[in-house]
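Just below is one structure, and these are the notes that go with it.
Just so it is clear: chains get the letters A, B, ... in the order the sequence lines come, proteins before strands, and each one is counted from 1. Values below: every heavy atom of this structure, side chains too, minus hydrogens, waters and symmetry copies.
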Amino acid sequence: MSTGPTILDELEWRGLLAQTTDDAALRDHFASGPVTVYCGFDPTAPSLHFGNLVQLVVLRRMQRAGHRVIVLVGGSTGQIGDPKPTAERVLKTKDQTAANVARIKSLVTPFLDFAGDNAAILVDNLDWTAPLSALDFLRDVGQHFRVNQMIRKESVAARLNSEIGISYTEFSYQILQAMDFLHLFRTLGCTVQTGGQDQWGNLTAGVDLIHRVEGRSAHVITTPLLTDEHGNKFGKSEGNAVWLSSDMTSPYAFYQYWINIADSQVGRLLRVFTDRTAEEIEALERATAETPHLRAAQRVLAADVTTLVHGPTATEQVEHASRVLFGKGDPAALDAGTLRDATAELAGGTVDPGSTVVDALVATGLADSRGAARRLIGEGGVSVNNVKVTDVEHVLGAGDFLHDEVALVRRGRKHLAAARKAS
RNA sequence: GGCAGGUUGUCCGAGUGGCCAAUGGAAGCGGACUGUAAAUCCGUCGGCGUACGCCUACGCAGGUUCGAAUCCUGCACCUGCCA
């Protein structure tokens, strides 16, 4: 048995360990040699989000520690959907699910090494679920599940006790996921499944199935649900999810999300998401305490995570844009090239010369409606090229379009957009 | 299949014929203070119009009425109990 720090120790100090099926057994298991681990991602959306990112970094750390990782994309489970506490899911069409599967596969790829002698494996559970007939499912799989136990799972129990109830479809979800674990156990020797804490019931369903059918033990590791000091889940920006796909959340918006993380939370997130050492992170935490206005920790966090998801080139671009746009200088002083680069990432819209600021706010998406735009101006929350606008009727003149191209429209302190002059 | 209850704005949740674009809370958004942070205080929070105003909205479709989120009918969905 090895004595050095294991992957479990690392997950622990990084705050990525919520619960395991059996701590001691799991430690022995990991110490005994490379382990095969899997985590599933359901294609319920066209992209992955913050919560999935947590799982991806767990797999990444696993692989780096020398273990074999399997990424499962839920072509079948995604057609069902795990029971959400608040509502029955609206089922996606099979086409939608298939399209999402394709997108998610490509999103996952950069996080892991799919080549070499410890290559990660990508599987789709539709491959072994689709051929199964309903009758075989009920006879061969269903017989191993006790409804008494199934209804005690928290996700199911919560729904049974609510007035929403639960459909048979979602009730069955845990069986599908258990089948996945069993299948991977049999075909690839997979013995560990990871997932979010809220997935505990679904994950352990697989452990139970393996035990019952194969008489062997398998393990589950869950990560804590990351919430901020108010108990809100991370990964929401303006009520919208922070996605990993650049066409759903631009790299600029992604970077901005991380740079705005509260001081009290930045250390935790550095541990979870970056490869920084404990010493580096502690130094950054000291920096936050001593010189908070420099936001050193947030800058590192934003840069590291953006690089992880979008690559170093994108990070350089959004860092540069952020420096320019949030700098104190007069944007009119910027040269045309710098300005163009900086605004390229921003939300934008085109406006005709002679349009009002209200038009520009709506066109750029900074305001949802003209009424909202007017209200914002009335509240003193709008500026053009860093000059506050007080007149609702203010017309964008030729001088407002820097280099005859673009006007920098700002809502509040940190929401910027580029109003490009229509030609 | 029967009976009972429910479906309100982003969410929770009031509202039982006019004073309702709809009480209240939360979230969101803006301002002040700051550091693109937190806390706090203030403001705001369906759409169009500068505005008297108009339009859309209280599950869906009809109806009664001068007038309906509020009453009636049908439908859909949800919950519970019974078969």
> Have A/Ser322 and A/Gln256 got a donor and an acceptor in their side chains that come within less than 3.5 Å?
Replying inline: yes
> Rounding to a whole Å, what distance do you find between A/Leu284:CG and B/G35:P?
Replying inline: 20 Å
Could you pull out every donor-acceptor pair under 3.5 Å between side chains of residues 283-290 of chain A and any protein atom, sequence neighbours left out?
from     : atom 1 : to       : atom 2 : distance (Å)
A/Glu285 : OE1    : A/Arg271 : NH2    : 3.2
A/Glu285 : OE2    : A/Arg271 : NH1    : 3.1
A/Thr288 : OG1    : A/Leu284 : O      : 3.2

> Between A/Gln177 and A/Gln193, do the side chains contain an N or O donor and an N or O acceptor separated by less than 3.5 Å?
Replying inline: yes
>> If I take atom CG from residue A/Asp228 and atom CG from residue A/Leu269, how far apart are they, to the nearest 0.5 angstrom?
In response: 9.5 Å
> When rounded to the nearest Å, what value does the distance between P atoms of B/U36 and B/G31 take?
Replying inline: 13 Å
> Roughly, in whole Å, what's the span from CG in A/Asp368 to P in B/U44?
Replying inline: 19 Å
> Closer than 4.0 Å, any side-chain N/O of A/Lys388 to the OP1 or OP2 of B/G31?
Replying inline: no
>> Could you tell me how far B/G6 sits from B/G15 if I compare only their C1' atoms? Round to whole Å.
In response: 16 Å
> With rounding to whole Å, what would you report as the distance between B/G13 and B/G62 at their P atoms?
Replying inline: 29 Å
> Looking only at side-chain N and O atoms, does A/His415 come under 4.0 Å of OP1 or OP2 in B/C29?
Replying inline: no
> What integer number of Å spans the P atoms of B/C45 and B/U40?
Replying inline: 22 Å
> What interatomic distance, in whole Å, is found between C1' of B/A57 and the corresponding atom of B/C52?
Replying inline: 23 Å
> If you take all heavy atoms of A/Ile259 and A/Arg295, which pair is closest and at what distance?
Replying inline: O-NH2, 2.7 Å
>> Between A/Glu405 and A/Arg340, does any NZ, NE, NH1 or NH2 come within less than 4.0 Å of an OD or OE carboxylate oxygen?
In response: yes
> Under a 4.0 Å heavy-atom cut-off, which of residues 291-306 of chain A touch RNA chain B?
Replying inline: A/Pro292, A/His293, A/Arg295, A/Gln298
> Which value, in whole Å, describes the distance between the P atoms of nucleotides B/A27 and B/A61?
Replying inline: 34 Å
>> Quick check on B/C29: is either OP1 or OP2 less than 4.0 Å from any side-chain nitrogen or oxygen of A/Arg413?
In response: no
> Should the heavy atoms of other residues, nucleotides or ligands under 6.0 Å from CG of A/Asp368 be counted, would the total exceed 12?
Replying inline: no
>> Using a distance-only criterion (donor-acceptor N/O pair, under 3.5 Å, no hydrogens), is the base of B/G31 paired with the side chain of A/Glu379?
In response: no
>> So, applying side-chain hydrogen bond (donor to acceptor under 3.5 Å, both in side chains) with A/Thr223, which one of A/Gln19, A/Gln55, A/Gln199 is it?
In response: A/Gln55
> Does the side chain of A/Arg411 come within less than 4.5 Å of A/Leu376's, by heavy atoms?
Replying inline: yes
> Near RNA chain B, under 4.0 Å by heavy atom, which residues of residues 247-267 of chain A?
Replying inline: A/Gln256, A/Ile259, A/Asn260, A/Ala262, A/Asp263
> Just how far, in rounded Å, is P of B/G49 from CD1 of A/Ile377?
Replying inline: 12 Å
> When the distance from CG of A/Asp228 to C1' of B/A27 is rounded to whole Å, what number comes out?
Replying inline: 13 Å
> Between A/Glu10 and A/Arg14, is there a salt bridge with N-O shorter than 4.0 Å?
Replying inline: yes
>> What I'd like to find out is whether the side chain of A/Val37 reaches to under 4.5 Å of the side chain of A/Thr194, using heavy atoms alone.
In response: yes
> On RNA chain B, nearest-nucleotide positions of A/Arg323 versus A/Ala372: which is more 5'?
Replying inline: A/Arg323
>> Expressed as a whole number of angstroms, how long is the span from A/Arg375:CZ to B/C42:P?
In response: 20 Å
Could you list the protein-to-nucleotides 39-41 of chain B atom pairs, N/O on both sides, closer than 3.5 Å?
from  : atom 1 : to       : atom 2 : distance (Å)
B/A39 : OP1    : A/His230 : NE2    : 2.8

>> Does A/Arg103 qualify as a cation-pi partner of A/Phe41, given the criterion of NZ or CZ under 6.0 Å from the six-membered ring centre and within 45 degrees of its axis?
In response: no
> How would nucleotides 50-58 of chain B be written as a contact map, 5' to 3', with B for base contact, S for sugar-phosphate-only contact and - for no contact, using protein heavy atoms under 4.0 Å?
Replying inline: S--------
> Are the charged groups of A/Asp275 and A/Arg64 less than 4.0 angstrom apart, N to O?
Replying inline: yes
>> Regarding A/Thr315 and A/Thr307, do their side chains bring together a donor and an acceptor under 3.5 Å, going by distance alone?
In response: yes
> Can you tell me how far CD of A/Glu12 sits from CG of A/Leu17, rounded to the nearest 0.5 angstrom?
Replying inline: 5.5 Å
> Roughly how far apart, to the nearest Å, are B/G74 and B/A4 at atom P?
Replying inline: 12 Å
>> Do A/Phe254 and A/Trp243 make a side-chain contact, defined as non-hydrogen atoms from C-beta onward lying under 4.5 Å apart?
In response: no
> For atom P, what is the distance between B/U64 and B/C20, given to the nearest Å?
Replying inline: 26 Å
> When Watson-Crick pairs (N1 to N3 and N6-O4 or O6-N4) and G-U wobble pairs (N1-O2 and O6-N3) count only below 3.5 Å on both distances, what is the dot-bracket string of RNA chain B, with | for other-strand pairs?
Replying inline: ((((((((.[[[..)..(.....]]].(((((.......))))).(((....)))...[[[[[..)....]]]]]))))))).
> Whole Å only: how far is the CZ atom of A/Arg411 from the P atom of B/G28?
Replying inline: 12 Å
> Is A/Glu154 atom CD crowded by more than 12 heavy atoms from other residues, nucleotides or ligands, each under 6.0 Å away?
Replying inline: no
> Would you say a side-chain N or O of A/Ser369 is under 4.0 Å from OP1 or OP2 of B/C48?
Replying inline: yes
>> Test ring-ring contact (aromatic ring centres under 6.0 Å, His included) on A/Phe50 and A/Trp258; report intermediate values, then the result.
In response: CA-CA 11 Å; A/Phe50 189 99; A/Trp258 296 95; 5.5 Å; yes
> Once you round it to whole Å, what is the distance between P of B/G31 and NZ of A/Lys414?
Replying inline: 10 Å
